[in-house]
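Remember, predicted model here, so these are calculated numbers, not experimental data.
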Amino acid sequence: MKDVMKKVQFKDKEYPVIFNINVMQSIQEEYGTVEVWADKVECEGAFPDLKALIFTFREMINEAIDIENDEKGTNVPFVTDKQVGRMVSDIGALAELLKEITTQSIQNPEKNE
């Protein structure tokens, strides 16, 4: 697994997002398996589960904030579900971002070099 951190823009603020083993653990705790979660957030021909999208996006942002707080010695507060829900203006784009980051994170490292 490879940690892939990206930045997303919401209005005038930029937020880091990451998909790593800690985010996967949160997903497993919430949904039982990553496969059950993936069925909820995939957007192919159906509307994604908004609770699952918001949950995942919140976990990805908060994990990235936590990493940056550790590395930079900062104390940026975590985001809430309500804050994440306000950030999401394009559900399809969010689902695609999640797919892109998760795919890049779980690719075989030898294939990425």
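In the hydrophobic clustering of this structure, M5 does not group with V84; members are Ile, Leu, Val, Met, Phe, Trp, Tyr whose side-chain heavy atoms approach within less than 4.5 Å, directly or through other members. Note on I65: it clusters hydrophobically with M24, by side-chain heavy-atom contacts below 4.5 Å among ILVMFWY residues.
Summarising the geometry, atom OG1 belonging to T80 is positioned 10.0 Å from atom CD1 belonging to I61; distances are rounded to the nearest 0.5 Å. For the atom pair OG1 of T56 and CG of D49, the computed distance is 9.0 Å after rounding to the nearest 0.5 Å. Atom CZ of residue F78 and atom CG of residue N69 lie 6.5 Å apart, to the nearest 0.5 angstrom. Atom CZ in F57 sits 12.0 Å away from atom CD in Q83 (nearest 0.5 Å). One distance of note links NZ of K51 with OH of Y31; it measures 5.5 Å at 0.5 Å rounding. Distance check: K40 NZ to L50 CG gives 11.5 Å after rounding to the nearest 0.5 Å.
Between F19 and W37, the ring planes are parallel. Angles under 30° get that label, and only those over 60° would be called perpendicular.
Residues Q28 and V34 are in side-chain contact: their nearest non-hydrogen atoms beyond the backbone lie under 4.5 Å apart. Residues V8 and M87 are not in side-chain contact: their nearest non-hydrogen atoms beyond the backbone lie 4.5 Å or more apart. Residues I18 and M60 are not in side-chain contact: their nearest non-hydrogen atoms beyond the backbone lie 4.5 Å or more apart. Annotation: side chain of N20 is in contact with side chain of I67 (closest heavy-atom distance under 4.5 Å).
Between Y15 and V79, the closest heavy-atom pair is CE2-CG1, 3.8 Å. In plain terms, the two heavy atoms of I54 and G85 that are nearest each other are CD1-CA, 3.9 Å.
The pair E68-K7 counts as a salt bridge, with a side-chain nitrogen and a carboxylate oxygen less than 4.0 angstrom apart.
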